[in-house]
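Per chain, numbering begins at 1; letters A, B, ... match sequence-line order. Only a predicted model underlies this, so the values are computations on that prediction, with no experimental measurement involved.
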Amino acid sequence: MNITHIKEKIRREFYQRDVLTVAKELPGKILVKKKGKSYLSGRIVEVEAYDGEIDQAAHSYLGRTKRNEIMFGEGGYLYVYLSYGVHFCCNVVTGVKNKGTAILIRAVEPIEGIGIMSKNRFGKKSLTEKEMNNLTSGPGKVCKAFGIGISHYGIDLTGDKIFLLNADLKKGEKIISSKRIGITKSAHLPWRFFIKNNPYLSRK
DNA sequence: CCACGGATTGGCT
DNA sequence: GCCAATCCGTGGA
């Protein structure tokens with residue numbers, strides 16, 4: 001018994017819509033990675049939208065390359081890249097074919113498999129409260145905790161390895177937007193969407 | 001072929 | 001608050 005028995009997997013049509021529409025709905029949804037018999041899951045609490053047609057910060061802005069190829073496919077696939085030569089970051093590809101849009105998953109709130117995530121991140125199973133809040137509060141941290149790397153590039157999110165589940169926000173929760181973090185080009189666009197006051201945000 | 005810099009993190013000051 | 005670590009995609013010569 002795990003969360004996949006309770007919630008419904010998100011279907012292709014959800015991802016194939018406009019990137020901003022999807023990005024606004026993503027906080028609250030549940031990221032799941034299945035590894036053998038064990039499940040890792042967490043609620044998405046923070047995302048950023050990237051649109052190669054008008055957004056210079058998007059990896060797809062300069063056109064199609066081998067690295068960003070998956071961004072130009074149809075929505076519902078995973079785009080993974082290496083950041084600063086050190087950390088992996090994962091994105092949900094959105095829109096129809098040739099759009100070049102994706103959403104960076106920046107932070108999640110752990111639900112299942114916290115022991116495994118802790119081991120992936122800190123090499124031990126039990127964490128201090130401080131480490132717990134630091135477990136998945138950033139894009140590189142999410143990938144490390146979930147064990148997501150370049151081998152997961154292009155995975156179909158409607159398959160059964162990595163996928164999202166439908167879920168509603170908890171009572172009183174609110175999604176708000178701000179400028180995106182850590183970019184210099186097209187920095188003014190308010191395309192970061194997150195759950196207000198959530199303790200797992202990469203920044204408040 | 002080579003130089004540059006980035007959607008980050010963690011450790012030190 | 002600042003900065004090093006560390007890789008490779010990208011673009012110019």
Side-chain angles (χ1 to χ4, degrees), chain A residues 15 18-20 22-24 26-27 31 42 44-73 75 77-95 99-110 117-124 127-155 157 162 164 175-195 199-204:
Chain A
Y15 301 108
D18 172 75
V19 64
L20 289 178
V22 179
K24 287 170 192 167
L26 228 38
L31 172 67
I44 295 171
V45 299
E46 176 182 347
V47 300
E48 284 177 2
Y50 289 86
D51 181 346
E53 290 182 345
I54 53 173
D55 166 16
Q56 293 186 63
H59 288 170
S60 50
Y61 184 72
L62 295 174
R64 199 182 289 249
T65 65
K66 192 180 172 191
R67 175 220 214 182
N68 65 25
E69 192 176 12
I70 197 73
M71 284 184 80
F72 291 92
Y77 291 85
L78 196 67
Y79 168 45
V80 181
Y81 70 92
L82 185 64
S83 171
Y84 290 89
V86 183
H87 307 282
F88 291 107
C89 296
C90 68
N91 301 246
V92 172
V93 175
T94 62
K99 263 291 180 192
T101 56
I103 301 166
L104 173 66
I105 297 179
R106 289 193 53 90
V108 310
E109 176 185 318
M117 292 186 199
S118 304
K119 206 117 200 285
N120 288 343
R121 279 271 292 140
F122 301 108
K124 57 180 187 178
L127 303 183
T128 63
E129 195 184 327
K130 206 174 168 184
E131 286 171 328
M132 186 62 202
N133 281 317
N134 192 26
L135 186 57
T136 51
S137 57
K141 300 174 189 178
V142 170
C143 282
K144 184 133 193 235
F146 275 72
I148 294 174
I150 205 67
S151 67
H152 301 98
Y153 182 96
I155 276 189
L157 294 172
I162 298 174
L164 301 186
I175 296 175
I176 56 176
S177 66
S178 73
K179 291 179 186 174
R180 296 172 297 179
I181 292 170
I183 55 170
T184 51
K185 299 170 209 158
S186 300
H188 62 286
L189 297 171
W191 286 0
R192 172 176 177 246
F193 301 95
F194 58 100
I195 298 176
Y200 288 91
L201 295 175
S202 67
R203 301 196 195 170
K204 302 300 167 191

Check your understanding: Base, backbone or nothing for each nucleotide of nucleotides 5-13 of chain B, written B, S, -, heavy atoms under 4.0 angstrom, 5' to 3'?
Key -> -BBBSS---

Review point. Is A/R180 reaching over with its side chain to a backbone N or O of A/A49, donor-acceptor style, under 3.5 angstrom?
Key: yes

Check your understanding: Can you name the nearest heavy-atom pair linking A/L26 to A/L164, along with the distance?
Key -> CD1-CD1, 3.8 Å

Exercise for review: Side-chain contact test, heavy atoms from C-beta onward, threshold under 4.5 Å: evaluate it for A/L157 versus A/I162 and give yes or no.
Suggested key: yes

Exercise for review: Please indicate whether A/R203 has more than 12 foreign heavy atoms, meaning atoms of other residues, nucleotides or ligands, lying under 6.0 Å from its CZ.
Suggested key: no

Check your understanding: Residues two or more places apart in sequence or in another chain: which of them pass side-chain hydrogen bond (donor to acceptor under 3.5 Å, both in side chains) with A/Y50?
Key -> A/E48

**Study point:** Per-nucleotide pairing state of DNA chain B [Watson-Crick or G-U, under 3.5 Å; [ ] pseudoknot-crossing; | other strand]
**Key:** ||||||.|||||.

**Study point:** Phosphate contact (C/dG9 OP1 or OP2) by A/T65 side-chain N/O below 4.0 Å
**Key:** no

Review point. Once you round it to whole Å, what is the distance between P of C/dT10 and CZ of A/R64?
Key: 13 Å

**Study point:** Interatomic distance, A/M117 atom CE to A/T136 atom OG1 [nearest 0.5 angstrom]
**Key:** 6.5 Å

Point to revise | Expected output: side-chain A/N68 to main-chain A/G63 donor-acceptor under 3.5 Å | key: yes

**Study point:** Close side-chain approach of A/I44 to A/V108, heavy-atom, < 4.5 Å
**Key:** yes

